[in-house]
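Input: a single structure, listed below in structure tokens.
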Amino acid sequence: MKIASWNVNSLNVRLPHLLQWLERAQPDVVALQETKLEDARFPDTALAEAGYRSVCSGQKTYNGVAILARGRAIEDVQAGIPGFADEQKRVIAATVGGVRIVDLYVVNGQAVGSEKYDYKLRWLAALRDWLAEEIARHPRMVVLGDFNIAPDDRDVHDPALWNDESILTSTAERAALRRLLDLGLHDSYRLFHDEGGAFSWWDYRQAAFRRNLGLRIDLVLVSEALRASCKAVAIDHEPRIWERASDHTPVWVELVPV
DNA sequence: ATGGTGGCATGGCCA
């Protein structure tokens, strides 16, 4: 089962790219972020014609997440973090093919010390507490999405610029990510690759993609129970090359029965 | 360099 994550930065704009990528990559499950669409406007018909069922939790203009699945039911759907009041649509979870899929659009945080940064840390703390319960209920779990945190210096193009006081790489953000991993989750990319310089997001400004000035902030975490099933991972750069691209590119993991 | 680019409630916001 091939499970992918992609921050599309507006599904209105990127639906043609998504359809093209589904055809090209043939994923079984796709977690989307930044759909920026109310649920009533979600393109479920176009996706169904492409062979994918979908569930979504969205809003106008900002945020918005969705899970797509091909050939399997999408069951036990949960939107948001239970008990954490939040108008921002950043979480959707569902069970597909016996795997709990938790799709995240983690708070960006804007700047270290800002109100949005405080919200990011509170949000991550609530997420951690919920995932602790969720992984107990569903040992076969994949937590994926736009984490808006680069795990370590290998995951940034310039560690001097993206340092322990910078947003997306600060000490507190990385510690919050560590607390998620400590639940028994593994960064699937690092099960296969040790080197740096592999990124999933490049700023639209300053020709960052052409110069490979990026960060690896889109992650697929797999639970310990799924670790041995993890057969392959990839960051697919192709859609970032396309005209009018999202600033993020898809990442995926292939799980096989063991 | 306090900019730059892109998306959307097209006017500031968010990333």
Side-chain angles (χ1 to χ4, degrees), chain A residues 5-21 30-43 46-47 56-66 80 85-92 103-124 127 144-151 155-158 160-163 165-170 172-174 176-177 199-219 235 237-251:
Chain A
S5 174
W6 193 6
N7 180 326
V8 292
N9 186 19
S10 169
L11 192 51
N12 262 335
V13 172
R14 232 67 67 189
L15 180 60
H17 282 198
L18 176 60
L19 293 171
Q20 189 173 342
W21 188 74
V30 185
L32 300 175
Q33 305 87 37
E34 285 205 89
T35 54
K36 301 186 176 180
L37 280 175
E38 288 182 307
D39 292 352
R41 300 194 57 212
F42 193 84
L47 289 165
C56 59
S57 178
Q59 63 188 95
K60 268 191 227 177
T61 311
Y62 303 119
N63 310 310
V65 285
D86 192 356
E87 293 183 1
Q88 302 190 18
K89 307 300 189 186
R90 298 181 172 278
V91 177
I92 191 165
D103 176 17
L104 306 178
Y105 174 47
V106 175
V107 178
N108 174 286
Q110 191 176 51
V112 174
S114 67
E115 282 185 21
K116 292 190 178 102
Y117 184 75
D118 291 340
Y119 164 54
K120 181 176 195 171
L121 297 180
R122 284 189 287 106
W123 190 95
L124 285 163
L127 175 72
L144 75 175
D146 176 358
F147 281 70
N148 269 318
I149 302 169
D155 303 310
V156 306
H157 65 87
D158 182 351
L161 184 64
W162 298 93
N163 58 53
E165 297 178 352
S166 309
I167 195 65
L168 312 187
T169 54
S170 71
E173 289 167 90
R174 284 175 164 169
L177 177 59
F199 308 129
S200 66
W201 170 83
W202 301 260
D203 199 297
Y204 283 122
R205 294 165 283 194
Q206 301 176 319
F209 180 63
R210 182 175 58 72
R211 301 158 67 202
N212 198 29
L213 306 180
L215 304 180
R216 192 174 68 91
I217 55 177
D218 298 273
L219 309 177
I235 303 173
H237 288 184
E238 178 71 19
R240 189 63 178 80
I241 297 167
W242 296 342
E243 190 177 349
R244 209 179 181 191
S246 170
D247 45 350
H248 297 252
T249 210
V251 299

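Chain letters run A, B, ... following the sequence lines, proteins first and then strands; every chain starts at 1. Quick caveat: nothing in here was measured; it's all calculated off a predicted structure.
Heavy atoms of other residues, nucleotides or ligands lying less than 6.0 angstrom from NZ of A:Lys89 number 12 at most.
In this structure, A:Arg90 reaches the sugar-phosphate backbone alone: every heavy-atom distance under 4.0 Å involves primed, P, OP1 or OP2 atoms, never a base. Across all strands, A:Tyr105 comes closer than 4.0 Å only to sugar-phosphate atoms, never to a base (heavy-atom distances). Backbone-only contact: A:Ser10 has heavy atoms under 4.0 Å from sugar-phosphate atoms and none from a base.
Contact check for A:Ile167 versus A:Glu173: side-chain heavy atoms found under the 4.5 Å cut-off.
For the side-chain contact (heavy atoms from CB on, under 4.5 Å) test with A:Asn108, the passing option among A:Ile217, A:Asp146, A:Leu168 is A:Leu168; the others fail.
Mapped onto DNA chain B by nearest heavy atom, A:Gln88 and A:Arg14 fall at different nucleotides, with A:Arg14 at the one closer to the 5' end. Each of A:Asp247 and A:Thr35 was assigned the nucleotide of DNA chain B with the nearest heavy atom; the assignment lying further toward the 5' end belongs to A:Thr35.
Comparing B:dG11 with B:dG6, their C1' atoms are spaced 15 Å from each other, to the whole Å. B:dG4 and B:dA15 are spaced 13 Å apart, taking the C1' atom of each and rounding to whole Å. Taking atom C1' in both B:dC14 and B:dA9, one finds a spacing of 13 Å when rounded to whole Å. B:dT2 sits 23 Å from B:dG12 when the P atoms are compared, rounded to a whole Å.
For DNA chain B, the outermost nucleotides in 5' to 3' order that have an atom under 4.0 Å from a heavy atom of chain A are B:dA1 to B:dA15.
One finds the CG atom of A:Leu15 at 9.0 Å from the CG atom of A:Leu37 (value rounded to the nearest 0.5 Å).
Taking the six-membered ring where tryptophan is involved, the planes of A:His157 and A:Phe199 are perpendicular, since the angle between them exceeds 60° and thus also 30°.
Inspection of the A:Asp86 and A:Trp123 side chains reveals an N or O donor paired with an N or O acceptor under 3.5 Å.
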